[in-house]
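Structure first, then comments.
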Amino acid sequence: MSDRFRRACLVVAVVVGCAYSAFQILHDVRVPVQLLPGVAARVNGHPIDADSVNRTVAGMDARVRRSETAARHDVLSRMIDEELLVQHALDSGAAETNPEVRAALVRSAITRVNSEAAAEPISEPGLTAYFNAHKEAYAVPASFDVTALYFEPNAGSGADATSPGHGQPVGAIGARSRAAAARAAIEAGAPVEQVANSADPLPFSSPREHVSPRTLANYFGPGLADAVGHLAVGHTTEVTQLGNGLVFIYLNNKTLGEIPSLASVRELVAADALRDRQEQALEALLASLRQAAHVELATASR
Amino acid sequence: MKKTAALLLLAASVASAGPHKSTGALSDQGANFANAKVDSAGTVTPSARPAELMSTVRTKATDNEQILFGDLHVHSTVSWDAFVFSLPVFGGTGSHPPAEACDFARYCSSLDFFALTDHAETLTPRQWGESKKVLRQCSAVGKNNDDGDLITFTGFEWTQAGTTAENHYGHRNVIFRDQDEEHLPKRAISPMPPYFDPDLTVLETMHEPRVGSYVAMMQELSKVPVCPPGVDTKSLPDNCFEVALTPQDLSRKLDQWGYDALVIPHGTAWGLSNPPTADWAHELTPGIANDKRQSLVEVYSGHGNSEEYRSWREFTMGPDGKKHCPEPTKNYLPMCWQAGHLIRVRCEEAHLPKEECDRREVEARQRELDAPVGFAAAGFLAVPGARTEEWMNAGECQDCFLPTWHHNPLGSVQYILALGQDRDGEDPLRFRFGMIGSTDNHNAMPGEGYKEVARWNSILLLRLGNADAKRFFLPPPAERKAESRPVTPDLYSSSWATWDVERTNSMSITGGLVAVHATNRSRGAIWDALKTRNVYATSGERMLLWMNLLNGPKGAAEPMGSAVKMKNNPEFEVKAVGAFIQNPGCPDFQRRVLGEKRLETLCHNECFNPSNRRRTITRIEVVRIRPQHNTSEAVGPLIEDPWKTIPCTPNEAGCTVKFSDPTFTKGGRDALYYVRAIQEPSPAVNGGQLRCKFDAQGRCIKVNLCSGDPAKTAPTDDCKEAVEERAWSSPIFVDFKRQ
């Protein structure tokens, strides 16, 4: 092909193209062009998805719709206008300056991550693995039946003891040696009910059977509650100061805690596992974005 | 449609009686936020507390008992006002959904139970349904959802407020025993038609993105039709907005549902949300006083203490039907009096004639009294340009324990308990309330009073950190003039501006708790304790308290909350133990389960973390109240506070005292007795409230407010001063047996 011929083709193409554009501009005509399948229109290069148009048309109130064609025209026209406004807003810096827009974009990004993470249901092995890794958190734990033995200083036998704060000296045995003797007797096998007769009335009403460690702590303090938690049935804690007196606790009985079956807490575990997956997905996204980004910090911000 | 319109018209006329004035329609400007979404209810962190510290009890109910601690008054940002407070533009920390309340109660405050009570006036059936689901999920870690490490109760706040004594009943929390869908209503019940926040248009000017979600909330509300009146509640469509304008209506609807419920009045003495003329004597009617669901009253919350009766009044009513300004007493300076004083001072500074200053002083007092009622009576606006500090401690109870703002003695719990009307052949009409405390927290933080920290993020605080917040919460600045002005709604930009925000910020405190004597940890046992009033209130500390009638008619000890008939002089025993001193930070197991990051955002790195040392009880104060025979009997002499004060020897193991009433038989009159166990002083957020400096005559000459403006009081300043934390027992009601 000669150079002259090629130059002629180029000139003809340019003239035809200009005339075509001029025709469209002057006569305000959108000349149908061949678009990719699934694309209803393209606005400044940005596609408008045909499915969106179809869904919107299908959702229109049949009483309001004039005809399928008219409805599609109206819907598409509106979507084109929306796209133009979005582009205009972005061009005028809304994404940089408008807090509402920025917040909506952030929300949208997070929602997308969450949706993608939730798209795939947690598999059965995944659920089991998650449950096994976090069993402790689902445990329904032990409860305790305790007897507290209290010893007031300068008090005698438990039957004659007066209310703490109004005590009168009865007997000469120090509280600590009484407490130690009582504890030794119990550890040696003496029935606690019998030994308790030598103790003084507790200044407050002791909790009765089957209380939680938290309730025990509310009565006797976290130290003693913790000690009871490590105790075997039939044994006693160390003697501890309680106000002006001394106390130790005997463990009558203990109901062991248990890990529930996965089936009984399945919904809970699934919700937690999903949330965990979503949080990890977001962290992973942020990590990759940070890695790929160029972030500069002012000296004062470091 | 016509019926709905008629209902709206009718209800609007009543709604206009209240400060929550429903506009009846959503502003068109709401359409701008077309893409905003309503906050979700959240997802509960499903982990129970670890094995070694938390447990369920798998036993049947026995006669044994244990004390459990809870909070029956908690708001999430589903409540419209909590949402507004949470806006970042106002220094808030954003969404605090119901699920967060669950996690906070479980991990931060380590409560045994709590109830979620969001405001019914903006609660759609959908939101109600979501909250129910979240609360069920919260309780799910435990056998049968019934005896878990944390028991949750579903509820709502019926936030009624009128403008006169006749149309005012006051706030109540409605709480349901059960949690399964078959035993819970389909809707909350509101005291008014849907409340469309009239301040929305102001909020929309603030370029705060979260306002979009608030608008979406209002938009959703606008699409729920009001339920037709006069229809059995079970026959109503699921998705309608149900209204009960009076406590009697509320009771009827609860009867129709047929579910076990409690109705718990609160804020009975608040100056906020009660009109100045409010008087609980107005509620001494069979339909209200006899309501078996009303077995408890909230005596203490983050708003303050509503316990104490006083003989002073904010105003007196003249024969002309006008309010008159009383003179100050030793412990009370009326607002109206101070209004007159402030104007007088200005008038004299302007060298105006004495007669003119006399006239202006009297006029100022009247204008303060005649101010209309918004969220509160905005009488302070009668003095243009007055700073909050100039009001000193006017309007406040000066010798009450942490009183609520503008405490109204005619709503005090003591006054309510003293009201009575004998009836021939029937039991007297009286209120027999047990005492509970709660937080009324609006950040989804049940039981937040476990530590006196984080004033900025936990207590009810309207933060004034920027121009938008000041514009919204404060009245516009006004020129100082030597003359008062009539108070009209155009003087304030939003309803909040009637609230005297800087004063209330300085009086807000960390919340209280309810303690129950339960036979075990189950939902049923906790509920039984609440119904039988075997409960007590605390000012936030986990004190232990027992009060028993030793010589009751059954021959066995009768616990607090009991009602007995006897002839003998009653004898009582009280045991009280102080709370454990808190360690800073959180226990190790919380870190293990929650992780550092979550611990920081949820608990602000401060959890319920008791040491092994207790505070001591310094004394037991006994209050005796002998209810009226009829409503014309003067109440003052019937309330004896304190009737006895019994000192305690300092002992961490507690204090036990006994006392009796040797005049009971001779007096031949019904009486009730309750005690306050007073703990040794300890620092508390806003413990000094207005922090007055007094002159030799005991007058407040300067206040040092703890401000919501960070420029005046740093957010890190918790404004702590020593207070004597306390527990209030439920009364034991001893009726004189005449035969």
Side-chain angles (χ1 to χ4, degrees), chain A residues 98-100 102-104 107 134 136-144 150 152 163-167 201-205 207-215 217-226 229-230 240-245 247 255 257 259-260 264-265 267-269 271-272 274-275, chain B residues 35 37 43-59 62-69 110 112 137 140-143 148-149 207-210 212 520-521 542 544 546 575-577 580 587 592-593 610-614 616 648-658:
Chain A
N98 188 314
E100 238 176 272
R102 291 177 68 80
R107 261 202 309 275
H134 297 85
E136 183 188 331
Y138 299 99
V140 179
S143 63
F144 305 95
Y150 175 74
E152 269 271 293
S163 301
H166 301 269
L202 198 58
F204 48 83
S205 302
R208 308 301 171 90
E209 298 170 15
H210 302 290
V211 292
S212 70
R214 183 166 71 255
T215 299
N218 280 336
Y219 281 76
F220 297 108
L224 266 176
D226 193 46
H230 290 98
T240 307
Q241 194 79 31
L242 180 74
N244 295 343
V247 72
T255 303
I259 307 288
S264 67
V265 287
E267 209 176 274
L268 218 49
V269 175
D272 191 41
L274 176 60
R275 190 177 71 181
Chain B
N35 293 324
K37 291 206 177 2
T43 315
V44 163
T45 302
S47 325
R49 282 163 287 196
E52 59 265 36
L53 263 180
M54 312 301 161
S55 88
T56 61
V57 176
R58 309 279 183 95
T59 58
T62 66
D63 288 334
N64 307 308
E65 65 146 54
Q66 51 188 286
I67 294 175
L68 303 174
F69 293 95
S110 290
D112 298 301
Q137 192 187 20
V141 186
K143 190 175 181 184
D149 68 326
H207 307 295
E208 163 59 63
R210 266 189 66 74
N520 57 61
R521 294 186 62 82
R542 288 178 210 200
L544 306 180
W546 294 260
K575 293 182 186 178
V577 189
F580 285 105
R592 222 170 41 239
V593 173
S611 69
N612 288 306
R613 296 294 312 277
R614 282 194 189 275
T616 57
C648 293
T649 304
N651 184 352
E652 284 188 38
C655 174
T656 301
V657 303
K658 290 182 180 175

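It should be emphasised that the depicted structure is a prediction, and the values quoted were computed from it without experimental measurement. Letters go in sequence order (proteins before strands), and every chain restarts at 1.
Taking 4.5 Å as the limit, every side-chain heavy atom of Arg613(B) sits out of range of all side-chain heavy atoms of Gln241(A). Side-chain contact between Glu652(B) and Asn244(A) is absent, with no heavy atoms from C-beta onward closer than 4.5 Å. The side-chain heavy atoms of Pro222(A) and Asn612(B), taken from C-beta on, include a pair separated by under 4.5 Å.
Once rounded to the nearest 0.5 Å, the distance linking OH of Tyr219(A) with CZ of Phe580(B) reads 11.5 Å. From Asn520(B), atom CG reaches atom OG of Ser212(A) across 11.5 Å, with rounding to the nearest 0.5 Å.
Neither the backbone nor the side chain of Thr616(B) comes within less than 4.5 Å of any heavy atom of chain A. Interface remark: Ile67(B) contributes backbone and side-chain atoms alike to the contact with chain A (heavy atom separation under 4.5 Å).
In terms of heavy-atom proximity, Lys575(B) sits nearest to Ser205(A) at NZ-OG, 3.9 Å. Considering all non-hydrogen atoms of both residues, Arg214(A) and Arg521(B) come closest at NH2-NH2, 2.9 Å. Between Arg542(B) and Asn218(A), the shortest heavy-atom distance links the atoms CD-OD1, 4.3 Å.
With respect to chain B, the highest number of heavy-atom pairs below 4.5 Å among Gly221(A), Gly245(A), Pro207(A) belongs to Gly221(A).
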